[in-house]
Amino acid sequence: MSRARILDQKDACGVCRPRWAKDGRHRGSPALRTVAVLITLLISVGATCARAADLKAMWGPGIQDGISHFPTYKDLGVRIYEDAVPWASVALRRPHGPTNPNDTAYVWPAEVTAAVAEAKRYHIQVALQIIGAPPWANGGKPWSWAPTNPQDYADFAIAAAKRYPSVHLWMIWGEPSRSPNFKPFYPANPLARKLTAKQKIAPHLYARILDAAYGALKGVSRSNLVIGGMTFGAADLVDDLTTAQWIENLRLPDGKPPRLDMYGHNPFSYRAPNLSNPPSASEQIDFSDLGRLAKLVDRYLGRPGNPDPKLFISDWTIPTAVDLEFNFYVDPLVQARWITDGLRIARSWSRIYAVGWIHLYDEPPESYGGLLETDGAQKPGYAAWKAG
């Protein structure tokens, strides 16, 4: 997570340019050093579209301070609600029956349970991300360390699927291509075309976890769709592997790719979404690079029966002020324009299964990527997301 950034100056056109603290970084932000040019654009967000209602997703919380956000999600046309099930906090001790959701070792998050029920009331699908590992499963280490035995993760996935039988979209971990989120991890230079044996450890471990979870979740219900990869679009020179490095090295011990239904990716970017844009710098994969991402996925992860897995955009947001998450921001009208552009791409390209937004509300100082200000006032982006 990045540290505070402060505004250096405004130029004659009113463009805000951040100045970075030496330790400033967001989820790989050193690869995003190019500051976005902020251009205020007048837009029209009243146009409606035919396909958007079946592809818009949004991260929770679903219920906050006793108040349900689902009426707002419904107003926005959200069809998939996203939330996380943290294995490490659900299973503080090893269960006797790990696939039994009623085992006394399991303490399921009340907020997630309530949100899943609310989503059902509002006819909204749910995608749950199973992330982290408890100390008993990873050798007494913090949550970000991979389990020693991938089957332990798979057993927990079975229990979660039984606990939430109405949920059929399952995300496997979150941004494991970043060392803060997944260990053991040995970063590589973004331009490195081949990884060392050590650098391959993380993607190889994740491949085993993903494949085990796939088999486990399909065993509970063939309707379950497994979303793997879960990469972050930028690459930190210190902490990360690039999306390409991650995908190319997702291999099981027999050399085959892990099984998955869809590839998950978080394509944060500091430019307007446009598939005709040139490739991003430093091996980033932002929204404009999704066509290139699809080719990587097909080449390295396509399997018989699923040669071209769909793309599941789990996290996307566009900050409208300096915050602690990202190293760029745009004018609120530009946020709305980019939302319109991104959803237009998703509507016109069947390869994208869903586009997920994070932050319904601004959460200062951490994030200003919400569609609503802290007092509930709608930004132009709210109307753009609703219409898109």
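Note that this is a predicted model, so its numbers are computed, not measured. For reference, positions follow the sequence shown, starting with 1. FYI, side chains are in, hydrogens and waters are out, and symmetry mates aren't considered; it's all heavy atoms of this structure.
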Hits for salt bridge (Lys or Arg N to Asp or Glu O under 4.0 Å) against Asp286, two or more places apart or cross-chain, chain-then-number order -> Arg271
Name all residues meeting the side chain to side chain donor-acceptor pair (under 3.5 Å) criterion together with Tyr153; count only those two or more places apart in sequence or in a different chain, and write none if there are none.
none
Would a 4.5 Å heavy-atom cut-off, applied to side chains only, mark Asn181 and Pro176 as touching?
no
Any side-chain heavy atom of Tyr368 within less than 4.5 Å of one from Pro332?
no
Ring-ring centroid check Trp136 Trp87, cutoff 6.0 Å
yes
Got a sec, which residues hit side chain to side chain donor-acceptor pair (under 3.5 Å) with Lys379, two or more places apart in sequence or on another chain?
Thr320, Asp362
With no hydrogens and no angle check, just 3.5 Å: does a side-chain donor-acceptor pair link Glu175 and Asn266?
yes
Quick check, are the ring centers of Phe156 and Tyr106 under 6.0 angstrom apart?
yes
Could Arg344 and Asp341 be called an ion pair, given the rule that one side-chain N must be under 4.0 Å from one carboxylate O?
yes
For Trp246 and Tyr206: C-alpha separation, side-chain torsions, deciding distance, then whether ring pair (Phe, Tyr, Trp, His ring centres under 6.0 Å) applies.
CA-CA 10 Å; Trp246 188 256; Tyr206 178 82; 5.5 Å; yes
ILVMFWY cluster membership beyond Val220 - transitive side-chain contacts under 4.5 angstrom
Ile158
Please say which of Tyr382, Tyr73, Trp385, Phe268 ends up in a ring pair (Phe, Tyr, Trp, His ring centres under 6.0 Å) with Trp357.
Trp385
Please assess Phe70 against Tyr81 for the test ring pair (Phe, Tyr, Trp, His ring centres under 6.0 Å), listing each intermediate value before the final yes or no.
CA-CA 9 Å; Phe70 279 89; Tyr81 170 79; 5.0 Å; yes
Listed by chain and number, what are the side chain to side chain donor-acceptor pair (under 3.5 Å) partners of Tyr263, not counting sequence neighbours?
Thr231
Quick check: does any side chain N or O of Asn224 sit under 3.5 Å from a backbone N or O of Leu217, one acting as donor and the other as acceptor?
yes
Which pairs, with at least one residue in residues 204-213 and sequence neighbours excluded, count as a salt bridge (charged side-chain N to carboxylate O under 4.0 Å, His left out)?
Asp211-Arg259
Treating Glu366 as the side-chain partner and Glu363 as the backbone partner, does any N or O pair qualify as donor plus acceptor under 3.5 Å?
no
Salt bridge (Lys or Arg N to Asp or Glu O under 4.0 Å) partners of Asp75, counting only residues at least two apart:
Lys386
I need the full list of salt bridge (charged side-chain N to carboxylate O under 4.0 Å, His left out) pairs touching residues 272-283, with sequence neighbours left out, sorted by first then second residue.
Arg193-Glu283
Is there a donor-acceptor pair under 3.5 Å between the side chain of Lys56 and the backbone N or O of Gly356?
no
Could you tell me which residues satisfy side chain to side chain donor-acceptor pair (under 3.5 Å) with Ser166, sequence neighbours excluded, listed by chain and number?
none
Taking the six-membered ring where the residue is Trp, are the ring centres of Trp338 and Phe287 under 6.0 Å apart?
no
Side-chain polar contacts of residues 302-313 - donor-acceptor pairs under 3.5 angstrom, sequence neighbours left out - could you list them?
unit_1, atom_1, unit_2, atom_2, d
Arg303, NH1, Pro257, O, 2.4
Asn306, ND2, Leu260, O, 3.1
Asn306, ND2, Asp261, O, 3.2
Lys310, NZ, Ser350, O, 2.6

Tell me yes or no: between the side chains of Arg292 and Ser280, is some donor less than 3.5 Å from an acceptor?
no
Joint cluster assignment, Trp349 & Leu293, ILVMFWY side-chain distance < 4.5 Å
yes
Please check this pair: side chain of Asp375 against backbone of Ala377, looking for a donor-acceptor N/O pair closer than 3.5 Å.
yes
According to salt bridge (Lys or Arg N to Asp or Glu O under 4.0 Å), who are the partners of Asp83, at least two apart in sequence or on a separate chain?
none
With sequence neighbours left out, which residue pairs that include part of residues 134-144 fulfil the salt bridge (charged side-chain N to carboxylate O under 4.0 Å, His left out) condition?
none
